[in-house]
There are 2 protein chains.
Amino acid sequence: MQLDPSSTADLSAQIASAIRDAIISGRLIVDERLPSEAELSDTFNVSRPTVREALKRLAAQSLIRTQRGATGGAFVNRISFEEAYSQQITTSTLLLSMNAVSFETALEARYALERACAPLAAERRSADHLAAMRAEIHRQGQPGLTDEAFCASDVAFHRALVDAAGNPVLSYQLAGAVEAMQPLMNMITFTARDRARIVALHGGIADALERQDAQGTRSGLQALEEETRTLGQDVMAQRAARAAEADG
Amino acid sequence: MQLDPSSTADLSAQIASAIRDAIISGRLIVDERLPSEAELSDTFNVSRPTVREALKRLAAQSLIRTQRGATGGAFVNRISFEEAYSQQITTSTLLLSMNAVSFETALEARYALERACAPLAAERRSADHLAAMRAEIHRQGQPGLTDEAFCASDVAFHRALVDAAGNPVLSYQLAGAVEAMQPLMNMITFTARDRARIVALHGGIADALERQDAQGTRSGLQALEEETRTLGQDVMAQRAARAAEADG
DNA sequence: CAAGTTGCATATGTCTTACAATTAGGATTT
DNA sequence: AAATCCTAATTGTAAGACATATGCAACTTG
């Protein structure tokens, strides 16, 4: 592992990059211990704080984990689906909120992806998945539920649907899309009538999954997308109206 | 921004977490300047190196950028689609390679997601997208192409297909799925006959997109998935056979 | 002899102090 | 007025020290 002396980037960034490349390329394998900070600072000819900054960068990406004590050190981390989930959700959420992604664009992407797992979910759904979905549907029908709790239950419902496809890679990819939508969804105020419609659509989707009807699942999701889009557009229109009123 | 004194985690991790929460919640907005390292070390009652480790963690996630000089400092970064892409690809690639995700599982997820953008791509594909796809198809037909170059062109083809859907969120989500497959795809040796079949399938997909035939695009992708699965299974079977031979 | 205890070596975590490098903006000089 | 230099602020890097955690071996003790 060598550094490029002509680079103008921070030393800690260069060192992190060198180690990252070694991990990605497989020269460092899972659970292998990196040299100690003192050794690394020798080999790279930098001070220990600089090495530490590099290691913290890698730790932030879950590429390594550190352990104190006699047999401690930095170890190549086997990144878990859970860690990957949470990183992707953080990134997706910020990407949406910082780049003024419209409600329509995010919604379209989300449901396009979700419909992609309809056939697999219809084929493989287990009793557990169906039960989880039914439980969320029941919760969504309870009176006195806050809008936020309703949205959270909605996310849980869709999460169960995605997991029913039985493909962890698919679940991972979709977690970001679904959860990143939540802040946008939380802007919507659901009237009792809205909720009733959504609960009915959720019920239809669960029914279709239960009878392993892929096409029914797809069209149920389609209807749900359109319902949600209408709700979102209403909210945006109201906001625009209020903003215009405040201006003039 | 306060720290939890009962936490056993590293101070730098706690500080990074506190700042990250402030960014995600919107208390710190894009392009806003964070307090200087000296000020942060005062407010958190830690030393400057500890603050710096926290800032490097955030920089690794593209949440902040730093600038030297008189008016320098750490600024909340507007995360771009490109940065989000590359982070997701890194994470996805490692997730697949470190968790022994099978070729079948990854392939299934990839094509399920890709078929999801078939209707949108058929509706919105521009001449540019079609031209990009045709160019890659032509490249794939050239003799003397290495397997790696063939795979890279394959990725470019699929990337154009995804971009044709005209939804940046969809493109972002799919970039990880498609590109993370590349190391697995690179294990495959493509015979001339294999390549001819794949090129023909690519041509069929491009044709379907050109005539805005969503169903044709979907079935073309379906056929491509099955072709690829067969190729992958052959490779795995050969590997298993060689491994058995070496053992016995 | 077995079980618990102590102490040591090693590693990361944190602090302190210092200096180098970079940069914007003002002061100075031509 | 324009070009130049200087200065202050800020991040980047270094070096050394101490604190803390932890595995392991040696030691003590019942």
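Naming convention: chains lettered A, B, ... in sequence-line order (proteins, then strands); numbering from 1 in each chain.
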Margin query: Show, in sequence, the C-alpha distance, side-chain angles and deciding distance for B:Glu104 and B:Gln233, and conclude whether the side chain to side chain contact (heavy atoms under 4.5 Å, CB included) test is met.
Written below: CA-CA 8 Å; B:Glu104 273 82 11; B:Gln233 280 168 347; 3.0 Å; yes

Margin query: Determine whether A:Gln88 and B:Gln173 satisfy the following criterion, side chain to side chain contact (heavy atoms under 4.5 Å, CB included), listing intermediate values before the conclusion.
Written below: CA-CA 10 Å; A:Gln88 214 211 327; B:Gln173 297 286 352; 3.0 Å; yes

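Going from atom CG of A:Asp42 over to atom C1' of D:dT13 covers 16 Å, rounded to whole Å. Between the CZ atom of B:Arg65 and the P atom of D:dG12 there is a distance of 13 Å, rounded to whole Å. If you take CD of B:Glu37 and P of C:dT16, they are 16 Å apart, rounded to a whole angstrom. Taking atom CD1 of residue A:Ile15 and atom C1' of nucleotide D:dT13, one finds them 11 Å apart after rounding to whole Å. Between the CG atom of A:Leu11 and the C1' atom of D:dA14 there is a distance of 11 Å, given to the nearest Å. Rounded to whole angstrom, the span from the CZ atom of A:Arg48 across to the P atom of D:dG16 amounts to 13 Å. The interatomic distance linking B:Asp10 (CG) with C:dT12 (P) rounds to 12 Å, in whole Å. At whole-Å resolution of the value, CD in B:Glu53 and P in C:dC15 are 10 Å apart.
Donor-acceptor pairing under 3.5 Å, judged by distance alone, is present between the side chain of B:Arg68 and the base of C:dA21.
Of the side-chain N and O atoms in A:Thr66, one or more sit less than 4.0 angstrom from OP1 or OP2 of C:dG13. Distances shown here put a side-chain N or O of B:Ser47 below 4.0 Å from the OP1 or OP2 atom of C:dC15. In this structure, A:Ser12 does not reach the D:dG12 phosphate: none of its side-chain N or O atoms is under 4.0 Å from OP1 or OP2.
Residue-level contact check: B:Arg33 touches the backbone only, with heavy atoms under 4.0 Å from sugar-phosphate atoms and none from bases.
Between B:His158 and B:Tyr111, the ring planes lie perpendicular to each other; the angle is over 60°, past the 30° to 60° tilted range.
Residue A:Arg52 has its side chain nearest to C:dT12 when only C:dT12, D:dA14, C:dT10 are considered. Side-chain proximity of B:Ser36 to D:dA14, C:dT23, D:dT10: nearest is D:dT10. Checking C:dA24, D:dG12, C:dT10 against every side-chain atom of A:Ala70, the shortest atom distance belongs to C:dT10. Nearest nucleotide to the B:Lys56 side chain, out of D:dG12, C:dC15, C:dT12: D:dG12.
With values rounded to the nearest 0.5 angstrom, B:Cys151 atom SG is found 5.0 Å from B:Met185 atom CE.
Side-chain polar atoms of B:Ser92 and A:Tyr172 form a donor-acceptor pair below 3.5 angstrom.
Comparing A:Val46 and B:Gly72, the nucleotide of DNA chain D nearest to each residue sits closer to the 5' end for B:Gly72.
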